Each structure stands twice: as C-alpha cells, then as structure tokens.
Asks: 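First the structure, then my questions, so here it is.
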Amino acid sequence: MPQYFTPGVYVEEVPSAIKPIAGVGTSTAGFIGVVADGVEMPLIPGRTGFKSGGKTVEPADYYPLAPVGVPQLVDGWERFKTLFGDGVKAGNRTLAQAVYGFFNNGGGRCWVTRLAPGSGDGKQGGQVDLLPEDETVVGALEAFAVIDEIALVAVPGATSDGVQSALLDHCENEYLRDRFAILDGRRTAALTKTDIRGGTRDSSYGAIYYPWIDVGAKGADGKPLYMPPSGHVAGVYARVDSERGVHKAPANEVIRGALGVETAVGKQAQAGLNPNDVNVIRRFDGNVTIWGARTLAGAKATEWRYINSRRLFNYLRESIDQGTQWVVFEPNAPELWSKIRRNVSAFLTTVWASGALFGATPEQAFYVRCDESTNPREARELGQVVAEIGVALVKPAEFVVFRLSQWDGTAR
C-alpha cells in the first residue's frame with residue numbers, strides 16, 4: 001500500500017476484479033491451392049510492361065508471384081491478384097475463383113498458401129485443373145497451425161481422401177480445435193454417399209458440400225467450367241457470422257456469384273443425402289442456395305450434428321482460453337476461483353443475450369462452477385485450477401412442421 005505523510009483526501013485506483021473476455025474471430029479462412037510458375041501476373045501501376053514475342057522483357061514491371069509454401073495474408077481481391085494473378089487464364093483458376101467467391105460472399109480476411117502443381121491434375125472443358133499432391137497439403141497445413149486467427153480451412157477442388165483427411169486431422173489437433181474444415185464433394189452424377197464423399201471419414205470438425213457450381217467461367221470449348229463451392233461457402237459462413245452470429249446455421253443462404261449447379265438435386269434425392277451428412281446446394285427461383293447445415297459427425301454423434309453447434313463451441317472454448325490467460329501463475333485460492341466465475345459468467349451472459357444459448361434466463365442457459373469441489377487439494381498440488389462450464393446450445397430448425405386440420409369453429 002502507498003504511504004501517506006500529509007493529511008488530506010487521497011484517491012486510489014483499484015484494479016477491477018472483472019477482466020472482460022472478448023470473443024475471438026470466427027471467419028478468417030485459410031486456403032491452399034495450386035498456382036503454376038508461369039501464371040500471368042498483373043502490371044504494376046505506372047510501369048510499361050513491355051513485351052516482345054509474347055515474353056516479358058522487363059519482368060520488374062509485373063508483380064512478383066508469391067513463393068511456394070509461404071502463407072500470405074490477403075485482405076481483398078486486389079491483394080490476391082498482386083500475389084497470385086487474377087485467375088482469368090489457366091494456371092490458378094480454381095484457387096482464384098474460390099478466393100473471389102469468398103470475398104464476394106462476405107469474407108474479409110484470409111491466408112492463402114500457394115503450392116506447385118501435382119500429378120493429380122485433371123481436365124475440364126479443355127483446360128487443366130491444377131490440384132496439389134496430398135503430402136504438400138499436409139506441409140501447408142502445418143504452416144497454418146501457427147496462424148492463430150484462422151478459423152476455416154479449405155483446399156478448393158481437392159476431393160481425394162488424403163487431402164480431406166488431412167484437413168480434418170488439422171482441425172481435430174488437440175492444440176488447435178478452433179477451426180473448421182469446408183470440403184468439396186466429388187464431381188459425380190451418382191447421388192450416393194460413397195460417390196460424393198468417397199472414403200472421407202466422420203468428423204464433427206468438417207462439413208462437405210455438393211454439387212460444384214457455375215460461376216460464369218468458360219472453358220476453351222465455350223462450356224461452363226464448374227467450380228468447387230468451398231471458397232464461396234466459406235464466404236457465406238463469414239457473412240452469416242457478421243450479420244447474425246456464429247450460432248446461426250450457415251444454411252438457407254444464397255451463394256452470391258453462383259449462376260447454377262452442375263447436378264440438380266431434388267427433394268427426394270436429398271432425402272438420401274442429408275442423413276449421410278452431405279450438404280446439398282440447390283437452386284430455388286433462380287437463386288443458388290445452401291440447403292444443408294450438417295457436420296460430418298455421423299449418426300451417433302447427435303450433439304455435434306449441426307455446423308453452428310460445433311463452430312459456436314469452438315468460439316466459446318477459444319474465447320475463454322484467450323481471455324483467461326491472466327490466470328496462469330496466480331495464487332490458486334478462493335479469490336481466484338471467484339474471479340474466474342465472474343469473468344466467464346459475464347462473457348456467457350453476453351453470448352446468451354445474443355441468442356446463441358437456449359434458455360429464458362442466464363441460469364437456464366449456462367452454469368460456471370469453480371470452487372473447492374472442482375479444485376480439491378490433489379488438483380491444487382498439481383498446480384491445476386479447474387472450472388466446469390455447461391452451456392445449452394440452440395439447435396437450428398432443420399425440419400419445420402405445420403400440422404393442419406379442419407376446424408368446425410367451436411372452442412378449443
């Protein structure tokens with residue numbers, strides 16, 4: 001305490017016991033895709049860009065292509081073009097269309113890692129679709145692991161079991177578990193789980209979307225080049241997070257920039273896909289709409305059936321984790337437990353008020369227990385402080401049923 005020597009009134013500042021927990025971001029995406037070495041880069045403003053015989057004589061006049069394997073922060077479409085090209089011609093079209101769709105649908109920030117072309121390249125409409133090797137994706141995901149703000153990950157167009165398993169493994173990593181994988185279904189007209197998902201395993205940390213979409217790109221033969229939906233879907237996630245909150249299912253939402261779908265799926269066909277955790281993209285009255293909100297959790301993991309449930313839980317866990325770092329090395333005593341209860345309860349009350357938790361009152365929506373019952377002597381001797389938190393999540397209205405019957409007008 002300060003010492004006083006002159007009589008008078010002194011005002012002291014007392015640190016507050018409440019240390020507000022701020023909600024973490026939920027919509028920064030991480031994209032991995034192929035960009036060929038020879039992709040055409042845009043001209044730097046003010047430069048001449050002189051060419052001779054189709055070859056650039058002054059390469060310094062053009063933006064340099066981003067290096068392979070190094071994540072780049074991209075905060076808008078113009079920034080993407082200066083790093084990777086505009087995707088008009090072959091060489092980076094799949095990745096470019098995905099990132100453009102992300103920003104066009106509401107995305108604000110993403111990290112992009114460029115990979116070299118692999119042997120898994122295929123042809124579509126007379127143009128080569130560049131896809132990465134499975135092992136290079138794993139290396140790129142390792143680079144993403146240290147970028148804490150990433151909450152969504154995708155490898156647009158890569159539908160192999162190896163790539164999709166790597167994405168799910170990344171999101172399930174015990175040191176992460178704050179991100180969610182958006183997967184593209186395989187290009188097939190056969191509407192079965194096996195044809196669309198292949199051998200992709202069950203996981204609540206990812207969701208898969210089908211079919212691919214028409215975004216206006218044309219091949220050399222003039223036919224539409226259908227693009228994987230994952231980049232556009234990530235943008236829809238970001239838009240819904242911003243407008244409604246991470247607790248709102250990113251479904252019954254229009255995909256901006258989508259003109260059509262490669263395979264039309266009707267209500268009866270979707271009845272066979274929805275229970276198998278395939279989120280169908282359908283066209284209603286000219287609008288291409290996401291018409292599914294399920295994770296890949298499988299039939300048994302009902303508590304994580306919906307995308308918004310998993311992503312909200314990720315948000316709560318990461319926000320509380322980051323917002324309580326001040327607790328580390330504090331004296332493990334009742335005063336600390338009381339501060340933890342107050343801080344976490346204040347944060348969850350805000351979350352409840354936003355409509356994310358189920359209950360008419362905060363007491364019905366969540367509880368926070370941090371006292372001697374959760375911190376017995378044995379735990380304290382190990383240097384542990386334990387708080388138990390329970391939340392009641394709001395589930396989406398996936399099936400809306402109106403019961404209609406005739407009524408004779410008499411009192412009910």
Side-chain angles (χ1 to χ4, degrees), residues 28-105 107-133 136-137 139-141 143-144 147 149-150 153-158 215-222 224-228 230-232 234-235 257:
T28 299
F31 293 110
I32 298 170
V34 166
V35 180
D37 290 336
V39 69
E40 187 170 310
M41 297 298 291
L43 182 69
I44 297 175
R47 304 291 179 86
T48 61
F50 176 70
K51 291 187 175 184
S52 175
K55 295 183 179 180
T56 301
V57 176
E58 298 291 341
D61 285 351
Y62 294 83
Y63 284 102
L65 178 62
V68 170
V70 181
Q72 305 289 329
L73 176 61
V74 179
D75 57 4
W77 175 241
E78 293 301 318
R79 177 59 177 165
F80 178 89
K81 290 194 296 183
T82 64
L83 290 168
F84 305 100
D86 61 13
V88 173
K89 297 182 179 180
N92 69 341
R93 185 168 12 230
T94 299
L95 177 63
Q97 289 287 356
V99 174
Y100 181 84
F102 171 73
F103 289 119
N104 191 38
N105 278 278
R109 286 168 63 91
C110 65
W111 289 82
V112 181
T113 295
R114 171 199 169 213
L115 298 180
S119 60
D121 303 343
K123 286 186 176 295
Q124 180 189 179
Q127 298 291 337
V128 175
D129 283 331
L130 303 177
L131 299 176
E133 298 279 10
T136 62
V137 170
L141 287 171
F144 277 173
I147 305 173
E149 70 170 308
I150 292 177
V153 289
V155 184
V215 296
K218 303 291 184 181
D221 55 7
L225 285 176
Y226 291 97
M227 292 294 162
S230 55
H232 292 69

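The chain is numbered in sequence order, starting from 1. Remember, it's a predicted structure, so these values are computed and weren't measured experimentally.
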Asks: Quick one: pull up OG1 in Thr94 and CE in Met227 and give me the separation to the nearest 0.5 Å.
Replies: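 Thr94 atom OG1 to Met227 atom CE measures 5.0 Å (nearest 0.5 Å).
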Asks: Of the non-hydrogen atoms in Asp86 and Lys81, which two are nearest, and what is the gap between them?
Replies: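 Smallest interatomic distance, heavy atoms only, reads CB-CD, 3.5 Å.
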Asks: So, for Val35 and Pro117, which heavy atoms are closest and what is the spacing to 0.1 Å?
Replies: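 The pair with the smallest heavy-atom distance is O-CD, 4.4 Å.
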Asks: How long is the straight-line distance from CD of Glu40 back to CG of Leu65, given to the nearest 0.5 Å?
Replies: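 The CG atom of Leu65 sits 12.5 Å away from the CD atom of Glu40.
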Asks: Test of understanding: with ring pair (Phe, Tyr, Trp, His ring centres under 6.0 Å), list the residues that count as partners of Phe144, not counting sequence neighbours.
Replies: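 Once residues adjacent in sequence are excluded, Phe144 has no partner under the ring pair (Phe, Tyr, Trp, His ring centres under 6.0 Å) criterion.
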Asks: For residues Phe103 and Cys110, report the shortest heavy-atom separation together with the two atoms involved.
Replies: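 Taking every non-hydrogen atom into account, CZ-SG, 3.8 Å.
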Asks: Parallel, tilted or perpendicular, judged at 30° and 60°: which one describes the rings of Trp77 and Phe80?
Replies: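 Correct class here is parallel.
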Asks: Identify the heavy atoms of Pro45 and Tyr63 that sit nearest to each other, and give their distance.
Replies: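 Heavy atoms only, the tightest pair is CD-OH, 3.3 Å.
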Asks: Taking C-beta and beyond as the side chain, do Leu115 and Ile32 meet within less than 4.5 Å on heavy atoms?
Replies: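 Yes, their side chains come closer than 4.5 Å.
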Asks: So, does Asn104 use its side chain to make a donor-acceptor pair with the main chain of Tyr100 at under 3.5 Å?
Replies: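 No, Asn104 side chain to Tyr100 backbone: no donor-acceptor pair under 3.5 Å.
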Asks: Got a second to check how far Gln97's CD is from Tyr226's OH, nearest 0.5 Å?
Replies: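 Output value for this atom pair is 14.0 Å.
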Asks: I need the minimum non-hydrogen distance between Leu83 and Val74, along with the two atoms involved.
Replies: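 Scanning both residues, the minimum pair turns out to be CD1-CG2, 4.0 Å.
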Asks: Is any side-chain heavy atom of Gln72 closer than 4.5 Å to one of Pro67?
Replies: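 A side-chain contact under 4.5 Å exists here.
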Asks: With Val68, which residues qualify under side-chain contact (heavy atoms from CB on, under 4.5 Å), at least two apart?
Replies: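 Expected list: Arg114.
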Asks: Supply the atom-to-atom distance Leu225 CG to Lys218 NZ, rounded to the nearest 0.5 angstrom.
Replies: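 Reported value, rounded in 0.5 Å steps: 8.5 Å.
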Asks: Within the 4.5 Å heavy-atom criterion, are Val112 and Pro71 side-chain neighbours or not?
Replies: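 No, their side chains stay 4.5 Å or more apart.
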Asks: Considering only heavy atoms from C-beta outward, does the side chain of Ser230 approach that of Phe31 to under 4.5 Å?
Replies: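 Heavy-atom side-chain distance check fails, nothing below 4.5 Å.
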Asks: Strictly distance-based, threshold 3.5 Å: is any side-chain N or O of Asn92 a donor or acceptor partner for the main-chain N or O of Val39?
Replies: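 The answer is no, because no donor-acceptor pair under 3.5 Å joins these two groups.
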Asks: OG1 of Thr28 to CD of Glu149: how many Å apart, nearest 0.5 Å?
Replies: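 That separation rounds to 4.0 Å.
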Asks: If every non-hydrogen atom of Tyr62 is compared with every non-hydrogen atom of Met41, which pair is closest and at what distance?
Replies: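 Nearest pair, atom of Tyr62 first, then Met41: CD2-O, 3.2 Å.
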